[in-house]
Amino acid sequence: MEKKKICVVTGTRAEYGLLRRTMMDIANDDGFELQIAATGMHLSPEFGLTYKTIEEDGFAIDARVESLLSSDTPVGIGKSVGLGVIGFADAFERLRPDIALVLGDRYEILAAAWAAYIARIPIVHLCGGEVTEGAIDDAIRHSLTKLASLHVASRAEYAKRIVRLGEEPGRVFIGRGPTLEYIEREAPISSEELSEELGLSPRGVNFVVTYHPATLGEDPREAFAELLDALRRLNEAAVVFTYPNSDTGGRVIIEMIDKFVSGNESRARAFVSLGQRRYFGCLKYFDAVIGNSSSGIGEAPYFGIPTVNIGDRQKGRIKPQSVIDTPPRREGIIAAIDRALTPEFREAAAEYARLLRRDGGIRVIDIIKNNINILGERKTFYDMPEKPDLLSGA
């Protein structure tokens, strides 16, 4: 039987880290042929040319779709989406995939999905049904849900929300978390290796900070200035920053990070991209995650590390007990960090991690294999009954 070609689309370092294990599963399966389309920040020197990480992992990139303009204004991002649709229309015409696999809520992924949908290529969407009220990503994620033919959610609550958006229950599944896949199948970096690669000696307290602009509502400059002021007051802590994504206002935050690091060279470092191994190393050995990235809510809990979640960017997302929410004000941030460092809170975070690791789940590739026929069928809008049916995989 002829192999089915699955084209995995990736535009950011974080998203690739979540997709990597599934990509390996596809590449190693006799029934599938892996195609990779890299776009967005992967192809930008400003954001580290992280397509090289994909190649270093042994993957061949089948299409490079340039779409990112050197602008993080709403006009620039809108134009980037248009360029992405044009580029992916050409890429899909050349690659002729049977399935397009996308994850999350980024605008470059929306461009790929539009091109796939118009070309009648069935779409598998991972991590739908979530809510982040403080960013434009929220509407993009739900738009991807409506374009997709098969859905793999990360939690039962999110799967039910996908059904409430009108998706048929038989097309909605709950999948195995990629972070758990990494923990179980990858050799972790040692603390000594991590310190050497970061160029930073560990201190009594160590933080990893990832802050992205809240593209709806908060002024990113003001909010991030409050966080930096809090870190200045906590002047005994080591701090590792990862740069923000190419969202509106991201370049302002990069400038502020660089200025902070230049004034605190003995205790602070900044990275365009840590890569999954070093980032997960920080989660394993550091004391807290600070910022407003989804990784603090979705990935950090597996490592038993507390997260201080700042502002509204992740508002609406279901948060585990290892996460402390705080407004973007330095006093609140400091108080949240102090709470995160208490033995009681750290133990609660560790206990939650133990519970997460016991939860198995279904691999994405198995969901696709077991439902390959559904992808070829036209989907219909599902009107919710008063008592909804049980979800597949729930």
Side-chain angles (χ1 to χ4, degrees), residues 12-14 16-17 41 46-48 50 53 179 182 186 188-213 220 223-245 250-310 313 322-324 326 330 333-334 336-338 340-341 346 349:
T12 73
R13 62 187 190 258
Y16 167 66
M41 290 187 291
E46 183 178 5
F47 292 96
T50 49
T53 302
T179 306
Y182 180 92
E186 300 283 348
I189 191 171
S190 69
S191 58
E192 293 77 16
E193 284 180 283
L194 181 63
S195 296
E196 183 177 346
E197 293 189 18
L198 296 178
L200 187 67
S201 298
R203 294 191 169 205
V205 178
N206 306 278
F207 302 133
V208 58
V209 177
T210 304
Y211 188 91
H212 302 293
F224 194 62
E226 294 284 330
L227 169 55
L228 292 181
D229 195 23
L231 293 174
R232 288 188 186 95
R233 296 191 188 192
L234 299 165
N235 56 19
E236 295 301 318
V239 184
V240 172
F241 293 92
T242 63
Y243 278 0
N245 290 329
R251 286 173 174 83
V252 171
I253 291 177
I254 290 172
E255 292 173 3
M256 295 171 75
I257 290 173
D258 289 343
K259 184 176 180 180
F260 180 93
V261 171
S262 67
N264 295 271
E265 292 182 351
S266 65
R267 70 181 187 102
R269 295 288 185 275
F271 294 85
V272 175
S273 173
L274 280 171
Q276 192 174 54
R277 190 163 181 258
R278 288 189 300 186
Y279 183 69
F280 282 176
C282 290
L283 299 186
K284 180 177 177 64
Y285 299 115
F286 281 24
D287 297 288
V289 174
I290 303 173
N292 63 0
S293 170
S294 60
S295 67
I297 296 167
E299 297 165 65
Y302 282 91
F303 291 85
I305 182 175
T307 295
V308 173
N309 179 60
I310 300 170
R313 191 171 191 271
S322 56
V323 176
I324 302 170
T326 180
R330 57 185 176 273
I333 295 169
I334 292 172
I337 293 172
D338 287 343
L341 296 178
R346 290 168 65 87

Q: Drop me the distance from Leu200's CG to Asn206's CG, to the nearest 0.5 angstrom.
A: 7.5 Å
Q: Going through the checks in order, is the side chain to side chain contact (heavy atoms under 4.5 Å, CB included) test met by Ile189 and Glu197?
A: CA-CA 10 Å; Ile189 191 171; Glu197 293 189 18; 4.0 Å; yes
Q: Nearest 0.5 angstrom please: Phe303 CZ to Cys282 SG, how far?
A: 10.5 Å
Q: Give me the atom names and distance for the closest heavy-atom approach of Ala300 to Thr307.
A: CB-OG1, 3.6 Å
Q: Where is the tightest heavy-atom contact between Arg13 and Ser273, given as atom of each residue plus distance?
A: CD-OG, 3.2 Å
Q: Could you walk me through whether Thr210 and His212 pass the side chain to side chain contact (heavy atoms under 4.5 Å, CB included) test, one step at a time?
A: CA-CA 7 Å; Thr210 304; His212 302 293; 3.6 Å; yes
Q: Once you measure the plane-to-plane angle for Tyr211 and Phe224, does it fall in the parallel (<30°), tilted (30-60°) or perpendicular (>60°) bin?
A: tilted
Q: Minimum heavy-atom separation for Ala268 to Val261, with atom names?
A: O-CG1, 3.6 Å
Q: Given side chain to side chain contact (heavy atoms under 4.5 Å, CB included), test Leu341 with Phe207 step by step and report yes or no.
A: CA-CA 11 Å; Leu341 296 178; Phe207 302 133; 4.3 Å; yes
Q: Output the distance between atom CG (Leu198) and atom CD (Glu196), rounded to the nearest 0.5 Å.
A: 10.5 Å
Q: How many angstroms lie between CG in Asn309 and CG in Asn292, if you round to the nearest 0.5 Å?
A: 6.5 Å
Q: What pair of heavy atoms forms the shortest contact from Arg232 to Arg267, and how long is it?
A: CA-NH2, 3.8 Å
Q: Could you grab the distance from atom CZ of Phe280 to atom CD1 of Ile305, nearest 0.5 Å is fine?
A: 12.0 Å
Q: Would a 4.5 Å heavy-atom cut-off, applied to side chains only, mark Met256 and Pro220 as touching?
A: no
Q: Hey, could you give me the CZ/CG distance between Arg269 and Leu274, rounded to the nearest 0.5 Å?
A: 12.5 Å
Q: Quickly, which of Leu228, Ile310, Val240, Ile290 forms a side chain to side chain contact (heavy atoms under 4.5 Å, CB included) with Val209? Name it, please.
A: Ile290
Q: Between Ser190 and Glu193, is there a donor-acceptor pair closer than 3.5 Å when you use the side chain of the first and the backbone of the second?
A: yes
Q: Is a side-chain donor or acceptor of Ser262 paired with a backbone partner of Lys259 at a separation under 3.5 angstrom?
A: yes
Q: Flag the pair Leu234 / Ile337 as yes when at least one side-chain heavy-atom distance between them is below 4.5 Å, and no otherwise.
A: yes
Q: I'd like to know whether Phe286 forms a side chain to side chain contact (heavy atoms under 4.5 Å, CB included) with Leu194, so could you lay out the CA-CA distance, the side-chain angles of the two residues, the decisive distance to 0.1 Å, and finally the verdict.
A: CA-CA 11 Å; Phe286 281 24; Leu194 181 63; 4.1 Å; yes
Q: Where do Thr242 and Ile257 come nearest, in terms of heavy atoms and distance?
A: O-CD1, 4.2 Å
Q: Which heavy atom of Pro306 sits nearest to which heavy atom of Ala340, and what is that distance?
A: CG-O, 3.4 Å
